[in-house]
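All heavy atoms count here, side chains included; hydrogens, waters and symmetry mates do not. To find a chain, count down the sequence lines: A is the first, B the second, and so on, and within it residues start at 1. Worth saying up front: this structure is predicted, and the values here are computed from it rather than measured.
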Amino acid sequence: LKEKSQKDEL
Amino acid sequence: MNLFRLLGDMTHLLSIVVLLLKIRTVKSCAGISLKTQELYVIVFLTRYLDLFTKYYSVYNTAMKLVFLGTSIGIVWYMRYHKVVKQTYSKDEDTFKHYFLILLSIILALLIHRAFDVIEVLWTFSLYLEAVAILPQLVLLQKSRNIDTLTGDYVFLLGAYRALYILNWVYRFLMENHKFRWIPWISGLVQTALYADFFYYYIKSWKNREKLKLPA
């Protein structure tokens, strides 16, 4: 399960 | 990546293009708050530390480098470029921005998801970004003459955050994302700070008048 954090945002 | 997120990033990028256009072609930074620009450098430096630890995509890395490079470049122009620095509205750029840094540090030490260096700095960057526009808004209120590029710059910067909220709603509803208190509340606060500015910006645009904020 891939982590659903918001760190892939800018 | 959903459309709102992409539009948000593009608006953010466009705001920087507009500001650089003003600085590089008009050779002026009148009405632009150096304090806000310096806060953005701190925001990007503390948020993008994961450039060294985690890879997401070419897009993600490229955008981070662009935001870091342009924000540092803008501060350099405003501080050191021999023509541009003379146009800086220094006497009106009076907001005590150190206070915002201090407040964000305290808040990040108290409220975070995990207590490690990268996580606390990431949280700090969200809190600081939320309030970083304040010196700029105060400067605009003091400016008797807000030129079109400056108005457009601030509008695009606000639009970016508003689009990010739509992006979060989309991710929550369509991509099974959990509710994230820290980025959501910070983002909502950040967008709310623009409410007054949006109102006068849209009003001046509708009436084809020059933008002016009430003192």
Task: B:Y56 side chain vs A:E9 backbone, donor-acceptor pair below 3.5 Å - done: no

Open item on the list: side chain to side chain contact (heavy atoms under 4.5 Å, CB included) for B:R5 and A:L10? Distances and angles first, verdict last.
Closed with: CA-CA 9 Å; B:R5 158 79 195 279; A:L10 299 161; 3.8 Å; yes

Task: Over 12 non-hydrogen atoms of neighbours within 6.0 angstrom of CZ in B:F115 - done: no

Task: Any B:E119 side-chain heavy atom under 4.5 Å of A:K7 side chain - done: yes

Task: Atom CH2 of B:W205: over 12 foreign heavy atoms under 6.0 Å - done: no

Task: Heavy-atom neighbours of B:F179 CZ exceed 12 at 6.0 Å - done: yes

Open item on the list: Looking at B:Y59, I want to see if its OH is surrounded by more than 12 non-hydrogen atoms of other residues, nucleotides or ligands under 6.0 Å.
Closed with: yes

- [ ] List the atom of A:Q6, the atom of B:W184, and the distance in Å for their closest heavy-atom pair.
- [x] OE1-NE1, 3.4 Å

Open item on the list: Using heavy-atom distances under 4.5 Å, tell me whether B:N60 contacts chain A through its side chain, its backbone, both, or neither.
Closed with: both

